[in-house]
Amino acid sequence: MSNVSLCHVNSVFVICILLFVFVKPNEAYSVKDFGARPDGRSDSTQAFKKAWAWACGSVKPVTLDVPYGRFMVRPMYFSGPCRNRIKLRMKGTIIGPSDYRVLARSSVWLMFYRVNRLTIDGGTLDARGQSFWACRRHFGYCYSGAQSISFVGCNNVVVRGLKSMNSQKSHMSLKSCNNIALTYLTLRAPSGSPNTDGINIQHSNRILIYGSVIKTGDDCIALGPGSRNTIIKRIACGPGHGISIGSMGNTLREDGVQNIIVSNVVFSKTTTGVRIKAWARRTNSFVRNITFRNIVMYNVYYPIIIDQKYCPHNQCPHQNSGVKISNVRYTNIRGTSRRKEAMQFICSPSTPCTGIQLQHIRLTFGNKPAVSTCSYARGTTRGVVYPRSCL
Ligand SMILES: *[C@@H]1O[C@H](CO)[C@@H](O)[C@H](O)[C@H]1NC(C)=O
């Protein structure tokens, strides 16, 4: 840096120190320094691209600020690998373009690709998905629709206190990532908005989702093939479709799901609570070592369900599901069911579920008795289990 040589001159030395300490102490810039405009209208995409290029190319750790205001950004890549740690410090809101088709033509709005050592702190994303959902309701074909924020091939990422509103499709997705902490998120879309999953995870290892509120139109959290060593804790889910493992059995050869803990979750008026779903198709896939514990359900349609004949739109393979489901523990789950069948284990005749453990379950159906139904499910029961176990 040229300031360094300047500092050899004694008289300017003090000023130099002051400049270093107070002006750019840890290499922080704002997206406004690169031309972004917080007026909710100007296109700030190029400014964000320049800002990312600076941050990603910096040899030193950097902070990139997104200050108060509304920044309109089109679909863009935040590509890595970068040269050092990056912190995205967000106070403002990033909004999608007013023409929904600009996002809908791309499958992802904000794509973090092969980025390591990133922290995203605070901020709001508003994809403004309303006209996209309206199009889907009325016309059918409206382009693919975009997920709001996606991490692909990323490692060591923390996303803390981010809000996402009105995503066109999923709010957030992780694919092929390791060591990711998603904490204190608020994800919101109306209950009737189609396919607005909260968080979608695939082929990822060591993921923590903690302390978050998810109100949306589809699954609050969906763990797909290849999800491993994941902890989901202290979540409020609803409205939405609950927390799902699956859909599994999409293909003949598929990575399974294993070592998952879902705990301290409240489901309010969701369609399902804790669900494992698989297509009725031949496959080598599996789901094993899963724990669901300390869960409260308020008016949930399917509080506890394993469904190996998953068939949402009647276009289904109609084979026996090959997904091997084993060692699934349900512990301390209570609350109210909206259907009589509060617990259902619909497993596969060719590949029965094994090692299902029920402990301290208390699910009621108004004043009427709740029941459990099983097919091809094996396991054990301990403590009070109501409805009575069919295992
Ligand atoms: C089951 O999963 C938990 C949570 O990820 C993990 O700590 C434990 O070691 C796993 N057990 C087995 C037998 O793999």
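Counting starts at 1 for both ligands and their atoms, in listed order. Throughout, numbering of the chain's residues begins at 1 and tracks the sequence. What you see below is based on every heavy atom in this structure, not just the backbone, and it leaves out hydrogens, waters and symmetry mates.
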Spell out, as yes or no, whether a donor-acceptor pair under 3.5 Å connects the side chain of S372 to the backbone of M343. no

Salt-bridge present (D219, R275; N to O < 4.0 Å): yes

Examine the side chains of N179 and N155 and answer whether a donor and an acceptor come within less than 3.5 Å of each other. no

Determine, stepwise, if the pair M90 / L125 fulfils side-chain contact (heavy atoms from CB on, under 4.5 Å). CA-CA 10 Å; M90 307 236 292; L125 311 178; 4.1 Å; yes

Looking at I261, which atoms of ligand 1 are within less than 4.0 Å of one of its heavy atoms? 4 (C)

Nearest candidate to atom 10 (C) of ligand 1, where distance is taken over non-hydrogen atoms, out of N289, N229, N259: N289

Hey, is atom 5 (O) of ligand 1 under 4.0 Å from any protein heavy atom? yes

